[in-house]
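Right, one structure below, let's go through it.
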Amino acid sequence: MVTTHKCQLNLKIVHLTISPLSNIISSRESSIAYTVYPIPVFHCYNPQHIHFPHRQNPNCSSTRRKMGARTVTVLNVAEKPSVARSVSTILSRNQGIRMREGRSRYNKIFEFSYSIRGQPCHMLFTSVTGHLMELEFDERFRKWHSCDPADLYHAPVRKFVPEDKKDIKRTLEEEARRCQWLVLWLDCDREGENIAFEVVDVCTMANQNLTIKRARFSALIDREIHQAVQNLVEPNKWFADAVDARQEIDLRIGASFTRFQTMLMKDAFIIDTASGDRNLVLSYGPCQFPTLGFVVERYWEIQAHEPEEFWTINCSHRSEEGLANFNWMRGHLFDYTCAVVIYEMCIEEPTATVTDVKQQEKLKYPPHPLNTIELEKRASRYFRMSSEHTMKVAEELYQAGFISYPRTETDSFSSRTDLHVGTCLYTIVQEQQAHPEWGTYAQRLLDPETGLWRNPRGGGHDDKAHPPIHPTKFSSGESNWSQDHHKLYELVVRHFLACVSKPAVGAETTVEIDIAGELFHASGRVVLERNYLDVYRYESWGGTMLPTYTVGQQFVPTTLTLDSGVTRPPPLLSEADLLTCMDKEGIGTDATMHDHIKKLLDRFYATKDANTRFTPTNLGEALVMGYDDMGYKLWKPYLRAAMERDMKSVSEGTKSKSEVLAISLQQMKACFLDARVNKLKLLEAMEIFFQRTNRAGGDELHATGEVVRQCGLCQESDMVLRKNRDGNFMVGCLGYPQCRNAVWLPGPVLEADVTANACNTCTPGPVYLIKFKFRRLEIPPNYSADHLGCIGGCDQILAELTEICGTGSRTGRARGPAAQTNNARQSNTRQVVCMNCQETGHSSNDCPSQRNARHRGTNQQNGEATVSCSSCGMPCVLRTANTENNRGRKFYKCQSQECNFFAWEDSLNTGTGGRNFTRSSSIPQANRGRNGGRGSRGRGRHNGSHAANTTFVSATGDPVSGRRCFVCGDPSHFANVCPIRGG
DNA sequence: GCAAGGTC
């Protein structure tokens, strides 16, 4: 039951409304005086009293004896303001509690008296708001052009308190100075433990003599909280270390790959985005990329889908009681001949015999209690709300006290929470009785005579910190609510009411029949009790009546048809699907998944349609394709899974933080260097989709270059390979202009790439070898155009070529192509003119005439013919089949989003319009659309949906003679392609 | 201008 309490807050009287969870869910000021309990305040600044932290262990009885009854001041810190409030309320038993402002407007300070194992304590309870600190590179590495991105794997990093958290830091410092103990009430997970150490860092800087303890609690209920404070433990450094390792790996990998791929490609291609801005960042992150990977993988699956025709036999029987539709127990067959043979058998002996009749009761259970991911998925499915928007609205409802904390993994109301069945769950339902729409249902739920109430089932997840999302305050709608606030609150309430309701009950009848040895079945359902379905209007449970049949009964089917259908690709991933993938593979947390999804849209990696389905953009597909072509699965969830395993090891103490960091970063750096050597794959993938700007190599090479060795002159910076605007190569010090150390390379160098191999001779190492390609006509004939060279001084060939041909620097020649390059780049940036049709208004990326050339597998560049779709006229791409029956066979597939045209190449080449081609092209339009496959979620050849493409009309009385068309009798074809039927 | 994780 919701109760109202009053306490004094900074000389004002505040009414605190306590929820069934003991959370304060609303407060308002009042001028009515109220008695508060006096709080004994003890401020001890005597160093003799506070300088022996080891003697002040609150769990140690000898300490308490030595300290006598002297009150200690305890600083308690929670992870969020709501927890500080709740725990303070519980510990103080809501008596004598005072609240005052801290430096931060969100993080109040509560004061009350308490006794920890007999030790009188003056408790100060405040909070942070999540992490207090951020990890960042040292200033020298902060700017993108300040270093080689590969340096970011070992650049110094530091933790610091960002500007928007400075007020919280000041509060902690000020309060810590007057306290003897620090008790950490952060959430009991790894992130919470890490935040605990951030708090410790700040507090001990202000007061080195603090006794530091950790309160471990798994729910915000009286028993747990009192137990936690009476059994304080040490903070767990392993847990915090695991998060430190994760943070550092995320930062180094993310920043290095992001800088690398942005500088490599941003200026090298004309990348059309909605904003078209210069600030385009091609980010990489260990969560955002696998999220993109899910989207691209599904898209590719759809693109690669080969429609396959299948066959099925359907039977119906109409009697006085109604119609029964019987489905073939074999499902469907892909072999036409087999299907026809069986069908003919049935036609010859069409009498059906009922072999089995089953009747059983079926239950449809209400959903599990709501956690964050489920809330996001359901809001997406029911209202098409984005997960990001859902969380924004949920946060607002939470802040206003209408729903419980919306970031929770927990999907069960357990006895550990204070939502005891029959008491508090009951109270929440009671509140909802007044609602005009679902109030009547709430009343029925509370009436014992209806028998509608049922204790909620759990889903098996528990984050040990928060209960499932549930309503905390009744509302029939607030004036400042948007439609989405209404919808989301309604969902939370209806979901909660459904959870405490009995399942729906249905009576299901299944009838099996035998026709010429083939089995068919039909089923019907009658919903006997709707129960939770009455309030959970988002779900339905259809009922179909079936006539009465008895075992042994015989009848002649009304229709018996051989029908064809085609398999269809799975649909694009919906937002709910994407959340499911992420949840399953451990990408992100319940509180961050929606951020990763939003990032795909913000970075122009994917788009979302009105049905909340995601399609990768050209940019997103190119990036995944580039890394995939390199052989790296950076877009798969494997890297994150490996990091999660490492984190677990660190948190269990089986691996150290430094060990995990060293190994992971070494591996990732090797991967990074290798990816950079293979950057051509990325560029090639981008070239499929985007027009080059004619600026060779992109900005990456000009901006930083690849590291060749450490500078021997200044001995501070790296020497990197660079190419100047004239196309000449040199290896220069990053410390320029302070350090002017440079090695100019021979003028005829056409290409140069730093490899991951170091020279065995030159010191100090490593001096990485460079793979050169020289212009054949500019070097003497006895030298090879390809050369793996070293600039460390050991390379005789390089020295000779420099001597013979000179360097780009000395000759200073400005070759024609370089000048043209610059001109072309400038004209491209001034005005986008299509390179194909010379028209403005679109770039060559979007030129309709070139659409075909942008798709993977396009054969235009190879001089092979392309075909236009005979259905919609759009270009088709040539692909290679990989299914069991057709492996290696080529087929054309329409690239239109709305068309699913498909034809075998060999059928087209022979000009015969062979059977497969004819069939494929004759697929009715209704079966073609990629979204027409909604609902068929399986994969592979058995992913077929049954299209209403009847090939044999009712044949119950027709004689069957040989294999011939049933429509015109011609033995040269079958009825499905009969010209009379228009096949 | 870069990550992901907390939370307001």
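Throughout, protein chains are lettered first and strands after them, A, B, ... in sequence-line order, and every chain is numbered starting at 1.
- Residue contacts shown for A/Glu193 are absent, as no nucleic acid heavy atom lies under 4.0 Å away.
- Phosphate contact (OP1/OP2 of B/dG1, side-chain N/O of A/Thr262, threshold under 4.0 Å): absent.
- You'll find the ring centres of A/Phe125 and A/Trp185 inside the 6.0 Å limit.
- In this model, the phosphate group of B/dT7 is not approached by any side-chain N or O of A/Tyr398 to a distance below 4.0 Å at OP1 or OP2.
- A cation-pi arrangement is absent between A/Arg603 and A/Tyr605, since the terminal nitrogen or guanidinium carbon is not both under 6.0 Å from the aromatic centre and inside a 45° cone about the axis.
- Put simply, CZ on A/Phe197 is 17 Å from C1' on B/dG6, counting in whole angstrom units.
- Protein atom CG of A/Asp250 is 10 Å distant from nucleotide atom P of B/dA3, rounded to whole Å.
- Atom CG of A/Leu135 is separated from atom P of B/dG6 by 16 Å (rounded to the nearest Å).
- Note on A/Phe289: nothing from the nucleic acid sits closer than 4.0 angstrom, heavy atoms only.
- Contact of A/Glu136 with B/dC2 (side chain to base): a donor-acceptor pair of N or O atoms is detected under 3.5 Å.
- Taken to the nearest 0.5 Å, the CD1 atom of A/Ile271 stands 5.5 Å off from the CZ atom of A/Phe690.
- In this view, A/Phe269 satisfies the ring-ring contact (aromatic ring centres under 6.0 Å, His included) rule with no residue, not counting sequence neighbours.
- In this structure, A/Thr258 reaches the sugar-phosphate backbone alone: every heavy-atom distance under 4.0 Å involves primed, P, OP1 or OP2 atoms, never a base.
- Rounded to whole Å, the distance from NE2 on A/His594 to C1' on B/dG5 is 12 Å.
- Dashed line: the shortest gap from a side-chain N or O of A/Arg407 to OP1 or OP2 of B/dT7 is under 4.0 Å.
- At B/dG1, none of the side-chain N or O atoms of A/His145 fall inside 4.0 Å of OP1 or OP2 (strictly under the cut-off).
- Heavy atoms from other residues, nucleotides or ligands lying under 6.0 Å from NZ of A/Lys237 number more than 12.
- The phosphate of B/dA3 (OP1 or OP2) has a side-chain N or O of A/Gln288 nearer than 4.0 angstrom.
- Both A/Lys80 and A/Lys599 sit near DNA chain B, but only A/Lys599 has its closest nucleotide nearer the 5' end.
- Note: CG (A/Leu132) to P (B/dA4) measures 22 Å, nearest angstrom.
- Residue A/Ser283 has a polar side-chain atom (N or O) positioned under 4.0 Å from OP1 or OP2 of B/dA3.
- Among the heavy atoms of the strands, none lies under 4.0 Å from A/Lys392.
- For the OP1/OP2 pair of B/dG6 and a distance below 4.0 Å, the side-chain nitrogens and oxygens of A/Thr589 include at least one atom meeting the criterion.
- Using a 4.0 Å heavy-atom distance criterion, A/Gly192 is classed as making no nucleic acid contact.
- Of the residues A/Tyr153, A/Phe289, A/Phe672, A/Tyr632, the one that meets the ring pair (Phe, Tyr, Trp, His ring centres under 6.0 Å) test with A/Phe257 is A/Phe672.
- Within the 4.0 Å cut-off from OP1 or OP2 of B/dA3, at least one side-chain nitrogen or oxygen of A/Arg603 is found.
- Atom-to-atom, CD of A/Glu134 to C1' of B/dG6 comes out at 10 Å; the value is rounded to the nearest Å.
- Residue A/Arg252 is out of contact with every strand shown, counting any heavy-atom pair closer than 4.0 Å.
- Between the CG atom of A/Asp187 and the P atom of B/dG5 there is a distance of 15 Å, given to the nearest Å.
- Going from atom CE of A/Met133 over to atom P of B/dA3 covers 22 Å, rounded to whole Å.
- Mapped onto DNA chain B by nearest heavy atom, A/Lys143 and A/Arg640 fall at different nucleotides, with A/Lys143 at the one closer to the 5' end.
- Each of B/dC2, B/dC8, B/dG6 was ranked by its minimum atom distance to the side chain of A/Thr129; first place goes to B/dC8.
- Judged by ring centres under 5.5 Å apart and planes tilted less than 30 degrees, A/Tyr284 fails to stack against the six-membered base ring of B/dA3.
- A/Phe402 and A/Trp481 have their aromatic ring centers within a separation under 6.0 angstrom.
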